[in-house]
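Below is one structure; the comments refer to it alone.
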Amino acid sequence: MTLAPSHKALVPFVSVDNMMKLVHHIGIEPMLRGLADYIEADFRRWELFDKTPRIASHSEEGVIELMPTSDGEVYGFKYVNGHPKNTREGLQTVTAFGLLANVGNGYPVLLSEMTVLTALRTAATSAMVAKYLAPKGADTMAMIGNGAQSEFQTLAMKAICGLKSVRLYDIDPAATAKAARNLRGLGLEVVSCSSPEESMEGAQIITTCTADKQYATILTDNMVGAGVHINAIGGDCPGKTELAPGVLRRSTIYVEYPEQTRIEGEIQQLAPDHPVTEMWQVINGTAKGRSSTDEITLFDSVGFAIEDFSALRYVRDHIAGTELFLELDLLADPDDPRDLFGMLQRAAKP
Ligand code: NAD
């Protein structure tokens, strides 16, 4: 038995600062494409994963959620909140961090910020899904809700689906002005609109990405024409939806994990047995995607743990060989694994 001082099993940690450096090191559009590839690859092996609806702790003001999954070799989870009132206090609506661990010994192998990463992975998922469901040649998107997620959503649609024009609308014109400013010079036509109807003119893709803790009706039945693809992002909690039920009834609905989406998604407004298609089956060819030019396809996105797992996997693979992480002394790891107390005692000695 050795009495040598404890050695440390250090855990790579990606801070917000390093995540931003990583995005610029890779380039935002290549990174969105890379994330979409990782997410699509994990959707193809969907059946292999441990899956559960996320564990949500609701309050009057918002929600705090844990999102775990495992592919049998690697385990991952994300901590994420959703507090629509936060922006009024100068805080983010959504913040997050996450972890990957080795299933073989349970030791964490990565801890990462996931506020920026969630915006990237949500956008990459939306665009990966739109690649399968949006009408052919779709190049114009209405972007309703111009908050923190909106530029990411727009750029992913450009990088992955060839979007050429985005039409912005938000109830708060300052949010639209911010998004228009941020998107300037990035190779898209950017049109600021003063009503949701105006934003949808000529759009084949409609993204709703608003934050309000109520059954909102961002899209009413009469606003949605035949043949569009709706990418519904903001309805992701019990009692927090964006689309009128009439829109849902006219749409073919695609979801991530039905057990979670029925609790949190737009379809919480429908009967519990209303038919939905699981996106992983469209991707592996066992279910149909869009079947006609008139069909309204709806991605009822709530965000699922496997997308975070894929995003963390991407980060783990891409920080290798860089200096874009710190090594955290997160795990007590005495040389004699049964001598945790001895390690503590030795730490008292000068
Ligand atoms: P945010 O608070 O930064 O932005 C929300 C924007 O919506 C604000 O600018 C607000 O003015 C606008 N808005 C509110 N009501 C509106 C209305 N009736 N019409 C038009 N605009 C309206 O929030 P965010 O971080 O951009 O997130 C947006 C939503 O996406 C949130 O509801 C969040 O919970 C959800 N979200 C979903 C996923 C997912 O995977 N599905 C992931 C991340 C965030």
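Start at 1 and go down the list; that is how both ligands and their atoms are numbered. Computed from a predicted structure; not experimentally measured.
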For this session: Write out the residue and atom name of the closest protein heavy atom to atom 41 (N) of ligand 1, then the distance separating them to 0.1 Å.
Result: S301 OG, 2.9 Å
Exercise. Can you check whether V224's main-chain N or O pairs, donor with acceptor, with R250's side chain at less than 3.5 Å?
Worked result: yes
For this session: Would you check the N or O atoms of N146, main chain and side chain alike, for any that come under 3.5 Å of an N or O of ligand 1?
Result: no
Exercise. Does the N or O separation between V94 and ligand 1 drop below 3.5 Å for any pair?
Worked result: no
Exercise. Would you call K178 and E151 a salt bridge, taking side-chain N to carboxylate O under 4.0 Å as the test?
Worked result: yes
Exercise. Between R121 and ligand 1, which residue portion shows a heavy-atom distance shorter than 4.0 Å: side chain, backbone, both, or neither?
Worked result: side chain
Problem set entry | Pairwise distance CE(M128) to CD1(I283) - rounded to 0.5 angstrom | 4.0 Å
Exercise. Where does A175 meet ligand 1, judged by heavy-atom distances below 4.0 Å: at the side chain, the backbone, both, or neither?
Worked result: side chain
Problem set entry | E73 atom CD, neighbour heavy-atom count above 12 within 6.0 Å | no
Problem set entry | Side-chain donor/acceptor of E61 to backbone N/O of K85, under 3.5 Å | no
For this session: Check ligand 1 against V302 and write out every atom of the ligand that is under 4.0 Å from a heavy-atom position of the residue.
Result: 39 (C), 40 (O), 41 (N)
For this session: Could you note down all residue pairs passing ring-ring contact (aromatic ring centres under 6.0 Å, His included) where residues 309-329 supplies at least one of them, sequence neighbours left out?
Result: Y38-Y314, F49-F309, Y314-H318
Exercise. For ligand 1, is any non-hydrogen atom under 4.0 Å from T210's backbone (N, CA, C, O), its side chain (CB onward), both, or neither?
Worked result: both
Exercise. Do any nitrogen or oxygen atoms of D170 come within less than 3.5 Å of a nitrogen or oxygen of ligand 1?
Worked result: yes
Exercise. Would you say T87 has any N or O atom under 3.5 Å from an N or O of ligand 1, going by distance alone?
Worked result: no
Exercise. Can you tell which part of D236 has a heavy atom less than 4.0 Å from ligand 1: side chain, backbone, both or neither?
Worked result: side chain
Seminar exercise, completed: Tightest non-hydrogen contact, residues R121 and A311, listed as CB-CB, 3.9 Å
Problem set entry | Heavy-atom nearest neighbour in the protein, as seen from atom 3 (O) of ligand 1, with distance rounded to 0.1 Å | A148 N, 2.9 Å
Problem set entry | N/O donor-acceptor pair under 3.5 Å between N86 side chain and Q92 backbone | yes
For this session: Among all protein heavy atoms, pick the one closest to atom 28 (C) of ligand 1 and tell me residue, atom and distance.
Result: C209 O, 3.5 Å
Exercise. Does E89 CD have over 12 foreign heavy atoms under 6.0 Å away?
Worked result: yes
Exercise. In terms of residue, atom name and distance, what is the protein heavy atom nearest to atom 4 (O) of ligand 1?
Worked result: G147 CA, 3.2 Å
Exercise. Do any nitrogen or oxygen atoms of D172 lie less than 3.5 angstrom from nitrogen or oxygen atoms of ligand 1?
Worked result: no
Problem set entry | Per-residue contact class, T122 against ligand 1 - non-hydrogen pairs under 4.0 Å | side chain
For this session: Scan for ring-ring contact (aromatic ring centres under 6.0 Å, His included) pairs involving residues 239-275, sequence neighbours excluded, and state none if there are none.
Result: Y257-F304
Exercise. Going by the order shown, which atoms of ligand 1 are within less than 4.0 Å of some heavy atom of K240?
Worked result: 31 (C), 32 (O), 33 (C), 34 (O)
For this session: Return yes when Y169 approaches ligand 1 closer than 4.0 angstrom through a heavy atom, no otherwise.
Result: yes
For this session: Keeping the roles fixed (side chain from Q260, backbone from R54), state whether a donor-acceptor pair exists under 3.5 Å.
Result: yes
For this session: Give yes if a backbone or side-chain nitrogen or oxygen of I144 is under 3.5 Å from a nitrogen or oxygen of ligand 1, and no if not.
Result: no
Exercise. Using heavy atoms and a threshold below 4.0 Å, how should the contact between Q92 and ligand 1 be classified: side chain, backbone, both, or neither?
Worked result: neither
Problem set entry | Contact (N/O only, under 3.5 Å) between T93 and ligand 1 | yes
Problem set entry | Note: D37-R33 ion pair, threshold 4.0 Å (strictly below) | no
For this session: Looking only at distances, please establish whether an N/O atom of ligand 1 is found under 3.5 Å from an N/O atom of I218.
Result: no
Exercise. So is there a nitrogen or oxygen of Q149 less than 3.5 Å from a nitrogen or oxygen in ligand 1?
Worked result: yes
Exercise. Hey, does the side chain of T176 reach the backbone of D170 with a donor-acceptor pair shorter than 3.5 angstrom?
Worked result: yes
Exercise. Where the side chain of S70 meets the backbone of G72, is there a donor-acceptor pair that is under 3.5 Å apart?
Worked result: yes
Problem set entry | Residue portion contacting ligand 1 (non-hydrogen atoms closer than 4.0 Å) for T125 | neither
For this session: Report the nearest protein non-hydrogen atom to atom 20 (C) of ligand 1: residue, atom name, distance rounded to 0.1 Å.
Result: I171 N, 3.4 Å
Exercise. Going by distance only, is there an N or O of E307 that falls short of 3.5 Å from an N or O of ligand 1?
Worked result: no
